[in-house]
Structures are given as C-alpha cells and as structure tokens.
Amino acid sequence: ALSLLSFSYAGGAGAGAGVYSVVVFVVLLLAVLVSPTLSGNAINGDRDAANLAPVQVTLATTAEIVLAKFVAAWLTGLSFAVIAVPFMLVAAVSGGVDPLVVFVSLVVLIVEIAIIAAIGVGLSGILARPLFSVAVTYLVVAALVIGTPIAFTLGGAAVRTEVTQSYRSYVYDESGMTANPPECGPWETTTYEVPRFDTVWWILSANPFVILADATPARFDASGYPEDLFGNFSYLVRSAQIPPESERVSWDDCARMPQPQQQLTPEQLYNQTTPSWFVGLAVQPVLAAALLWWGGSRTRTPSRTLPPGTRI
C-alpha cells in the first residue's frame with residue numbers, strides 16, 4: 001500500500017513498475033536476513049544432533065550430502081519469493097510492469113538466494129560449531145551488503161583531488177552601485193578537495209542489491225527519469241563513475257550571454273556509463289563454490305582429524 005502511494009505520482013501506467021521493484025527488493029532483504037540462519041548450521045547442526053553420521057554410512061556420497069543441503073537451503077530461501085507472488089500480481093494489475101524486467105529480476109533474485117545459501121552451507125561444513133558458523137555467515141553476507149557501501153564511501157573519501165573554482169563579478173562602489181557601463185572585476189579562484197568515487201565505484205559491484213538493480217533493464221519516463229527502484233539504484237551507482245571536473249566556473253556576472261550548463265538526464269548518464277553487475281555475478285559464484293568445496297572436504301569421511309567433541 002505504501003509503495004502504491006509512493007509511486008502514484010507516475011500515474012496508472014508507471015505505478016506498477018515501482019511497486020514490483022519494491023517487492024523484489026523486500027524479498028531479497030528477507031533472504032539476506034533469514035537465509036544465513038537456515039543454511040549456516042545445515043551440516044554441523046546435523047553433526048551435533050548425531051544425524052549426519054547415519055547418513056554418511058549409507059550409499060550417499062559427501063558431494064550428494066552437501067549438494068542436498070545446499071538445495072534444501074536454496075528452496076527454503078525461495079519460499080520468500082513464492083510468498084511475494086500475490087504482491088507481484090498486485091503490481092502487475094497496477095500496470096507498467098515490463099515482462100523483460102520481471103524475467104531478468106527474478107532470475108537474478110533466484111541466483112542471489114542460491115549464493116547466500118551456498119555460503120551458509122559451505123561455512124557450516126568448514127566450521128565445527130553451529131552458532132559460530134551462523135555468525136560467520138552473517139558476517140560474510142554483511143560484508144557484501146553493508147561492507148561494500150562502507151568501503152566505497154571511505155575509499156572515495158580517502159582518494160581526493162583538487163578542484164579550482166573561478167568566479168568574477170561587477171565592481172561596486174561604497175554605496176553599492178556599479179558604474180555605467182558596469183566595470184568587471186578580476187577573476188578570483190578558490191581551491192578545494194572533492195572525493196574521487198570514480199576510482200572505487202567497482203567495489204559496489206559485489207553488492208547483491210546493486211547486482212539486482214544494475215542487471216535489471218532500467219525503465220525511464222519521457223523526461224529521462226527512472227520509473228522504479230531498479231533504475232534509481234542503478235543510476236546512483238553509475239553516477240559514481242563520472243570523475244569530478246578539475247576546473248569549474250561558478251558564476252560570471254560580466255558574461256553578456258551566460259552559457260547554460262548542460263546537465264545529463266539520468267537516462268543519458270545511464271546509457272553513457274558501464275554496467276558492473278556481471279563482475280559481481282562472476283565473483284560471487286566463485287566465492288560460493290569455493291566455500292562449498294571446502295565444506296565438502298571437511299565433511300568427507302573417513303577423516304584424518306576431527307574437531308573436538310565430534311560424535312563418531
């Protein structure tokens with residue numbers, strides 16, 4: 001209901017697109033908050049409850065056990081998407097939802113939920129204590145979701161560049177009047193430093209929410225502004241790629257015809273910048289696969305060494 005009210009300014013044709021993007025982001029947020037708890041103790045939790053050993057003496061291989069734990073955690077995370085289907089239908093009825101946006105966003109959402117589940121299952125096989133593995137899973141997910149914006153902000157603030165700002169105005173007498181014709185004063189300059197976010201924007205490519213927004217095709221209205229959260233998120237991230245100008249003219253009172261400053265619309269900036277979603281979508285599966293492989297090697301039997309207190 002709040003989404004419908006928030007995007008009602010777009011009219012009947014665009015409100016549905018905004019509502020749909022909100023629903024998809026909420027589903028991903030729920031998966032980020034809940035999936036680490038469900039997957040972070042998948043293997044070591046069964047080991048502590050003495051349920052893992054009876055399975056390991058069957059014909060099931062270690063790879064099958066780890067894969068089954070991953071699929072179970074993945075399907076549990078996808079249940080949030082199933083629950084959100086009625087809200088997605090409400091967005092579709094509201095109008096303005098592009099089928100291509102729905103397809104791409106759902107594919108990326110399913111992949112991101114799978115990556116979170118794989119990270120939790122892998123860590124549950126690597127670490128012996130369920131509570132510790134759940135905590136570490138939350139830390140890894142938090143590093144991707146919260147740590148990347150923090151690193152982006154601090155990195156951009158640490159790398160700075162000088163900007164020279166120039167300006168001039170008319171010469172005024174003591175009474176505050178100008179001569180006739182007005183006399184121009186000399187140019188004055190000030191120098192200050194600005195952060196260089198264009199050097200660290202790639203850090204955000206590992207963020208699940210940035211990947212979801214940047215991979216989904218952006219929709220813009222007739223004025224060139226985004227119609228949903230996907231486009232807004234993607235525009236904010238891509239605007240960080242633009243380097244700051246080293247010299248600026250703030251104002252010139254003496255210019256007979258001031259030059260109008262051309263400012264790019266979000267759509268124009270979006271088309272001129274580089275997408276980054278494929279970088280994060282390539283790094284995250286490698287991380288998840290490495291943790292699953294490591295967790296499987298720690299689960300494999302017979303084992304030369306076992307953590308203290310392990311049931312045999």
Side-chain angles (χ1 to χ4, degrees), residues 23-56 58 60-85 105-148 206-212 280-301 303 306-307 309-311:
V23 172
V24 175
F25 273 121
V26 169
V27 172
L28 181 58
L29 177 63
L30 291 176
V32 166
L33 294 177
V34 181
S35 289
T37 304
L38 303 175
S39 60
N41 62 349
I43 296 177
N44 51 19
D46 278 3
R47 183 183 289 119
D48 275 3
N51 294 328
L52 182 62
V55 179
Q56 289 179 309
T58 64
T61 63
T62 302
E64 292 172 345
I65 294 175
V66 174
L67 182 61
K69 293 291 186 182
F70 161 67
V71 173
W74 186 14
L75 293 177
T76 305
L78 290 177
S79 63
F80 296 112
V82 176
I83 295 173
V85 168
S105 61
L106 289 182
V107 170
V108 177
L109 177 65
I110 292 172
V111 172
E112 287 298 325
I113 294 175
I115 290 173
I116 297 173
I119 291 174
V121 173
L123 290 174
S124 70
I126 297 170
L127 304 173
R129 302 303 178 195
L131 182 60
F132 188 53
S133 62
V134 170
V136 174
T137 303
Y138 270 111
L139 287 176
V140 174
V141 175
L144 297 175
V145 177
I146 304 176
T148 49
N207 190 293
F209 292 90
V210 173
I211 293 175
L212 176 61
L281 211 56
V283 173
Q284 287 185 358
V286 173
L287 172 64
L291 291 177
L292 279 178
W293 176 84
W294 191 4
S297 64
R298 292 291 302 271
T299 309
R300 187 176 297 111
T301 54
S303 179
L306 292 174
T310 301
R311 294 171 180 258

Please determine whether side chain to side chain contact (heavy atoms under 4.5 Å, CB included) holds for the pair Thr37 and Tyr138, giving the CA-CA distance in whole Å, both sets of side-chain angles, and the decisive distance to 0.1 Å. CA-CA 8 Å; Thr37 304; Tyr138 270 111; 2.6 Å; yes
Flag the pair Ile65 / Leu52 as yes when at least one side-chain heavy-atom distance between them is below 4.5 Å, and no otherwise. yes
Is the closest side-chain heavy-atom distance between Phe80 and Val26 below 4.5 Å? no
Are Pro36 and Ile116 close enough that some pair of their side-chain heavy atoms sits under 4.5 Å apart? yes
What distance do Ile119 atom CD1 and Phe70 atom CZ have between them, rounded to the nearest 0.5 Å? 10.5 Å
Heavy-atom count around Leu75 CG within 6.0 Å, excluding the residue itself: above 12? yes
Which pair of heavy atoms, one from Ser39 and one from Ala117, lies closest together, and at what distance? CB-O, 3.7 Å
Nearest 0.5 Å, please: how far is CG in Leu291 from OG1 in Thr137? 8.5 Å
Distance (rounded to the nearest 0.5 Å) between Phe132 CZ and Ser124 OG: 13.5 Å
Minimum side-chain heavy-atom gap Asn44-Asp48 below 4.5 Å: no
Taking all heavy atoms of Ala42 and all of Val121, pick out the closest pair and write down the distance. CB-CG2, 4.2 Å
Starting at CD of Gln56, measure out to CZ of Arg300 and round the result to the nearest 0.5 Å. 11.0 Å
Nearest heavy-atom pair of Leu212 and Leu109: which atoms, and what distance? CD1-N, 4.3 Å
Hey, could you give me each pair passing side chain to side chain donor-acceptor pair (under 3.5 Å) that has a residue in residues 70-84? Not counting sequence neighbours. none
Closest approach of Ala50 and Pro54, non-hydrogen atoms and distance? O-CD, 3.4 Å
Restricting to non-hydrogen atoms, name the atom on Gly122 and the atom on Leu292 that form the minimum distance, rounded to 0.1 Å. N-CD2, 3.9 Å
Please evaluate residues Gln284 and Ile211 with respect to the criterion side chain to side chain contact (heavy atoms under 4.5 Å, CB included), reporting the C-alpha separation (whole Å), side-chain torsions for both, the decisive distance (0.1 Å), and the verdict. CA-CA 10 Å; Gln284 287 185 358; Ile211 293 175; 3.5 Å; yes
Look up atom CD1 in Ile83 and atom CG in Leu30, then write down how far apart they are to the nearest 0.5 Å. 8.5 Å
Looking at Ile113 and Ala31, what are the two nearest heavy atoms and their distance? CG1-CB, 3.8 Å
Measuring only between side-chain heavy atoms, which start at C-beta, is Ile115 closer than 4.5 Å to Glu112? yes
Heavy-atom side-chain contact between Val66 and Trp293 under 4.5 Å: no
In this structure, NZ of Lys69 is separated from CG of Asn41 (nearest 0.5 Å) by 9.0 Å
